[in-house]
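Structure first, then comments.
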Amino acid sequence: MSFGFARLAAAPLLRLALGLAASMAVASASFAQGTPAKAKPNVVILATGGTIAGAGATAANSATYQAAKVPVEKLIAGVPELADVANVRGEQVFQIASESFTNEKLVQLGKRVSQLSKEPGVDGIVITHGTDTLEETAFFLNLVIRSDKPVVLVGSMRPGTAMSADGMLNLYNAVVVAGSADAKGKGVLVAMNDTIDSGRDVAKRVNVKTNAFSSQWGPLGMVVEGRTYWFRTLAKRHTTASEFDIDQIDKLPEVQIVYGAGNMAPSLYEAAAKAGAKAIIHAGTGNGSVANYAVDTLKALRAQGVHIIRSSRVGEGFVIRNSEQPDDKYDWVVAHDLNPQKAKILAALALTRTNDTKELQRIFWTY
Ligand code: DAS
């Protein structure tokens, strides 16, 4: 089975023509400028699996395939143009579909990123990742990596074996961003579909299109033909300004999510607590609303020491404190604009530092 990344190479005349044109362009440009090309940045690619490492049976299989099959060396070999923009080396950290990530894997990946970020010879880090939980990993790293070096997560919506596979260009763009000095200090980034989003704001909002990822507050920038273009910066604290540090964290407290809808079963919240949750994210309807027949259950769990954090199942907007629910009275926390899965990440980290409700709420306003 030929991997899609090599599909383009199967058109040798086309690539030869493109190669000749490119080398003539570079020669003329450097001749015209008379200055040596600047040293290429050193970028490490940490591979964890996902569709970007996926393989399907035929080129028509854009949605039916096996994730986490192609090793990092093949990913890199499938995009020879990476060598034009950076000195790249790869490490295979995991080879899994990202729905199978665990807290332990998050911590392990975070510690490796932190280690690499401290190496003087590393200018930027790319993490290839499944798209399902990519936003969770990106937010987690945005909170715990105490470095201003670019850390860029990237995935793909189609396997490399498919027609119009998006992984090659996504990977190229991610390496460009990770090697860009102007990407420093912007927090952990996600490069998908030519767009650069903040790891804090971005979410997977479509599960079958290449424009799957977006941020309700908009992207930070774009990357087009090897250049980055920036339009905003993140308003919230991150990376070097964060109070969280992966080098001080070995284990994350358990936090679980209960999804809100009509006709809820309050026993689901009790089951989450029984499973060891130290906080429960209520993915409520609307403004994080709680069914009147579930309030007593949540109050009882709070009295047992379990924190209740109101998020919303609605994709955009933010939960307002003390609106329909008396959060002060019940000693609950609101997740601000964070979706339930991101609130879960922040709650777990916050609980490594405090169990105080007011402190938890400050953390949710801050990050
Ligand atoms: N199962 C998905 C994952 O690994 C595949 C993907 O979209 O990357 O997240």
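Numbering of ligands and ligand atoms starts at 1, following listing order.
Residue nearest to atom 9 (O) of ligand 1, selected from Ser98, Gly167, Ala53: Ser98 (by heavy-atom distance).
Shown in contact with Gly50 at under 4.0 Å from a heavy atom are these atoms of ligand 1, numbered in order with element: 4 (O), 8 (O). In the vicinity of Gly130, heavy-atom distances shorter than 4.0 Å reach the ligand 1 atoms 3 (C), 4 (O), 8 (O), 9 (O). Near Thr51, the atoms of ligand 1 lying under 4.0 angstrom from a non-hydrogen atom of the residue are 5 (C), 6 (C), 7 (O), 8 (O). Near Ala97, meaning under 4.0 Å from any of its heavy atoms, are these atoms of ligand 1: 1 (N), 4 (O).
Looking at ligand 1, you'll find an N or O of Glu99 within less than 3.5 Å of one of its N or O atoms. Close N/O approach between Thr133 and ligand 1 is not found [any backbone or side-chain N/O within under 3.5 Å].
Checking Arg112, Lys118, Lys111 one by one against Asp247, the salt bridge (Lys or Arg N to Asp or Glu O under 4.0 Å) holds for a single residue, Lys118. Each of Val202, Leu220, Leu234, Leu189 was checked for a side chain to side chain contact (heavy atoms under 4.5 Å, CB included) with Asp197, and the lone residue meeting it is Val202.
Only the side chain of Tyr65 comes within 4.0 Å of ligand 1, counting heavy atoms alone; its backbone N, CA, C and O stay farther away.
Ionic pairing of Arg89 and Glu91 is present here: one or more N-O contacts between side-chain nitrogen and carboxylate oxygen are shorter than 4.0 angstrom.
Ranking protein heavy atoms by distance to atom 7 (O) of ligand 1, first place goes to Thr131 OG1, 2.4 Å.
Using the six-membered ring where Trp is involved, His336 and Phe318 have ring planes that are perpendicular, over 60° apart on the 30 and 60° scheme.
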Solution key, residues 251-259 side-chain donor-acceptor pairs under 3.5 Å, sequence neighbours excluded:
unit_1, atom_1, unit_2, atom_2, d
Glu254, OE1, Gln256, NE2, 3.2

Would you tabulate the side-chain donor-acceptor contacts of residues 137-146 under 3.5 Å, counting partners in other chains and residues two or more places apart, or write 'none'?
unit_1, atom_1, unit_2, atom_2, d
Thr137, OG1, His129, NE2, 2.8
Asn142, OD1, Val188, N, 2.9
Arg146, NE, Ser242, O, 3.0
Arg146, NE, Phe244, O, 2.9
Arg146, NH2, Ser242, O, 3.0

*asked:* Before you tell me yes or no, could you show the steps for Arg302 and Asp331 under salt bridge (charged side-chain N to carboxylate O under 4.0 Å, His left out), namely the whole-Å CA-CA distance, both residues' side-chain angles and the distance that decides it to 0.1 Å?
replied: CA-CA 8 Å; Arg302 183 68 203 102; Asp331 199 34; 3.0 Å; yes
